[in-house]
Amino acid sequence: MVEGCLFSRLAMVKSQLGSGYGKTVHFGNHLGYTQAVNQALRVADRIKIPKLTGCKKMEIIQSALRKQLESGGITLYGNSHNNGTRWVQMDWESIIRQHVKGL
């Protein structure tokens, strides 16, 4: 994968505090999301654009993921998607592609 990058606390998704946090139902089965992220990182590693460092590539992917996770538009969970894990992966890959094209 992309080497030489350190993640700072500023790069993490904002913590949520308050009543009810951590008490929601957990659906499990994040495989589709994980596979989409891994695929995005593999593609980023292969793309060679002058002056676009590995860290910058990761920042772009992380930004796409964060934006979607904060908005809550699509699911992480294969067992809560009507079409299963493979479609979760395709949804997330599409979100990442749209974000990168929009830059």
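One hydrophobic cluster, built from ILVMFWY side chains closer than 4.5 Å, holds both L41 and V100. The hydrophobic clustering, which links ILVMFWY residues whose side-chain heavy atoms are closer than 4.5 Å, places M90 and I95 apart.
The minimum heavy-atom distance between I61 and A40, with the atom names listed, is CD1-O, 3.5 Å. Looking at every heavy atom in both residues, S63 comes nearest to H99 through OG-NE2, 3.3 Å.
E93 CD to I96 CD1: the interatomic distance, rounded to the nearest 0.5 Å, is 7.0 Å. Rounding to the nearest 0.5 angstrom, the gap separating the NZ atom in K57 from the NZ atom in K48 is 5.0 Å. Rounded to the nearest 0.5 Å, atoms CZ (R46) and CZ (R42) are 8.0 Å apart. Rounding to the nearest 0.5 Å gives a distance of 8.5 Å between OG1 of T75 and NE2 of H30.
Neither side chain, Q89 nor T85, offers a donor N or O lying under 3.5 Å from an acceptor on the other.
A 4.5 Å side-chain heavy-atom check between L65 and Y33 finds at least one atom pair inside the cut-off. Considering only heavy atoms from C-beta on, S71 stays 4.5 Å or farther from K67 through its side chain. Counting only heavy atoms from C-beta outward, the side chains of I60 and L52 approach each other to under 4.5 Å. Side-chain contact between Y77 and V88: absent, with no pair of heavy atoms (C-beta onward) separated by less than 4.5 Å.
Between the side chain of W87 and the backbone N or O of G78, no donor-acceptor pair lies under 3.5 Å.
The only member of L69, T34, L31 that meets side-chain contact (heavy atoms from CB on, under 4.5 Å) when paired with L76 is L69. The side chain to side chain donor-acceptor pair (under 3.5 Å) with D91 is formed by just one residue from the set Q68, R86, H81; it is H81.
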Discussion item. Before you tell me yes or no, could you show the steps for W92 and V37 under side chain to side chain contact (heavy atoms under 4.5 Å, CB included), namely the whole-Å CA-CA distance, both residues' side-chain angles and the distance that decides it to 0.1 Å?
Written reply: CA-CA 8 Å; W92 280 97; V37 172; over 6 Å; no
